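Scroll down for the structure; my scribbles are underneath it.
In what follows, every chain begins at residue 1, and chains take the letters A, B, ... in the order their sequences are listed. These figures come from a predicted structure and were not determined experimentally.
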There are 2 protein chains.
Amino acid sequence: MRIGIVAPSTPILRETAERVTAIAARDFPGAELVFHPQCFLSHRHFAGDEPTRAAAFLEVANDSGFDALWFARGGYGSCRIAEAVLAELGPAARSKAYLGYSDAGYMLAGLYRAGFERLAHGPMVGDLRREGGEAAIARALAWLTRNERAALEPSLGEAPGAAFNITVFSQLLGTPLEPDLAGHVLMLEDVSEHMYRTDRSLFHITSNPAVRAVAGIRLGRCTEVPDNDPDFGAGEEEVFRYWCGRSGIPYLGRADIGHDAANKIVPFGRSWPQE
Amino acid sequence: MRIGIVAPSTPILRETAERVTAIAARDFPGAELVFHPQCFLSHRHFAGDEPTRAAAFLEVANDSGFDALWFARGGYGSCRIAEAVLAELGPAARSKAYLGYSDAGYMLAGLYRAGFERLAHGPMVGDLRREGGEAAIARALAWLTRNERAALEPSLGEAPGAAFNITVFSQLLGTPLEPDLAGHVLMLEDVSEHMYRTDRSLFHITSNPAVRAVAGIRLGRCTEVPDNDPDFGAGEEEVFRYWCGRSGIPYLGRADIGHDAANKIVPFGRSWPQE
């Protein structure tokens, strides 16, 4: 299968691409990775300016020669091109898989809203650079190439699933990218956010009437939380239980996702192999 | 007139209260400042726990012996009590003035939505501790006691006004605190936010259909912006022009508000002295 890689947010290094290509060649010989040159561009904060990032995404998504689009890396920037990209996606875009998380959540949200069926929250190419990152790359390729059950977040059950970065999800509510998650188990994770910010995001998320229609919320990992002054006095699990309790959203426990190498894959909807 | 001071977010020091009381006694002899003891409490991140903060707000708001409720300080925390407070406000609460900004924006938003008529975005007691903070205190007291025109943000004209911290406004959209600002000039300011965060908040704010009904947006000051790595490559004015342009919201120029001693007062709606 052919996997096209683009970077709607921030760039990756050529060295990272080469190492991930070598892993794929060694362990997933059926997978051909094609890095769009846009992955390595730099324009201000972003991997190229907006027309360039949007064009690269569309070249891969609308090419029936690719079976999957893999997000290179997060950071920030895909919300600036998401609507322009969504307006230009053709039939070939609907039949492929999309895998990413963090800032890629804006794109996944908009694609899910548009009825795309094979979307997943999971590791990206840039995760190679994390501690133990090879495991994240292998998990991503196992899902992309073999739809492997062991790669999936283990709590996935009968209800449809969806997963997002907390801040990203908060910031797409009420926008043209917001998907309908009624009846879904919503898994949320974050990185590098003060606990008061996570608390504030949970106020925003759980106060939203559309979000209150989810089947429940699961808490992924919140890592690299900066110290608060004064100390916030509560951890992420207490924050989630508090806002779920106030809003009447069932708190369903932990999810095995996060900004780390252990990040499991959460397909959106019911697109995983049923037993 | 009697001005009651409460702290729905974070506490102030007694020394700050004493100095502000001395300024009022010297320059605004008609004003009696009454600091609710809750202003000095500390519970985790907050000025007391939630029942205590809510009760203090209600004691002052529902007491017809007070002409105004002045917010002590921002920080974070009023979104946790806003709905409980709003549900218990009685007739005496509607006839008084409310003055604050930053985290107090959650309360002002909910009060405006509830039809309260004398609300303003402007300096708080804690601003005394800023450089030149005495001027901010004098401006607040000039508005509270004399409704003084010179205290007001100078661009205020025929359209109704409203002002918020960018992050706070973003995080109250879609919640029960969101006010209807159709036809309003919306002024926005922020402090200590990376420029990519401000850009992301502007995506969220200007993508919201209800916000697109405003008469226009004015940009206050964005101060203490942490360095981005890589550099974001655009300042706040470029960010505002970009998102206003994309969303069709008129960008009306700068507003003389911000997290500083020069922060002018923006009454909500049309509650300022007309010429």
Nearest heavy-atom contact between His204(A) and Ser170(B) is NE2-O, 3.3 Å
The interface call for Arg80(B) against chain A, heavy-atom contacts under 4.5 Å, is both
- When you look at CZ of Arg129(B), are more than 12 heavy atoms from neighbouring residues, nucleotides or ligands closer to it than 6.0 Å? no
Closest non-hydrogen atoms of Arg44(B) and Ala234(A), given as atom of the first, atom of the second and distance, are NH1-CB, 3.6 Å
- Task: Please check if the side chain of Tyr76(A) supplies one atom and the backbone of Arg197(B) the other of a donor-acceptor pair under 3.5 Å.
- Result: no
All heavy atoms of Gly174(A) vs all of Pro209(B), minimum pair found to be O-CD, 3.4 Å
Validation row: Tyr196(A), Phe46(B) side chains within 4.5 angstrom (heavy atoms): no
The reported gap from OG in Ser207(B) to CG in Leu173(A) (rounded to nearest 0.5 angstrom) is 12.0 Å
If one checks every heavy atom of Glu178(B) against chain A at 4.5 Å, the contacting part turns out to be neither
So, the part of Asp229(A) with a heavy atom under 4.5 Å from chain B: the answer is neither
Practice problem: Check whether any side-chain heavy atom of Ser42(B) sits under 4.5 Å from a side-chain heavy atom of Pro230(A), and report yes or no. | Solution: no
Minimal heavy-atom distance between Arg246(A) and Cys79(B), with the atoms involved, is NH2-O, 4.2 Å
- Carefully, step by step, assess Met195(B) and His45(A) under the rule side-chain contact (heavy atoms from CB on, under 4.5 Å). CA-CA 10 Å; Met195(B) 197 49 64; His45(A) 190 87; over 6 Å; no
In terms of heavy-atom pairs under 4.5 Å with chain B, the winner among Thr167(A), Asp199(A), Val168(A), Leu177(A) is Asp199(A)
Note: Leu172(A) and Phe203(B) closest approach over all heavy atoms is CA-CE2, 4.4 Å
If you tally heavy-atom pairs under 4.5 Å between each of Thr175(A), Asp231(A), Asn228(A), Ile205(A) and chain B, the highest tally belongs to Thr175(A)
The interface call for Thr206(B) against chain A, heavy-atom contacts under 4.5 Å, is neither
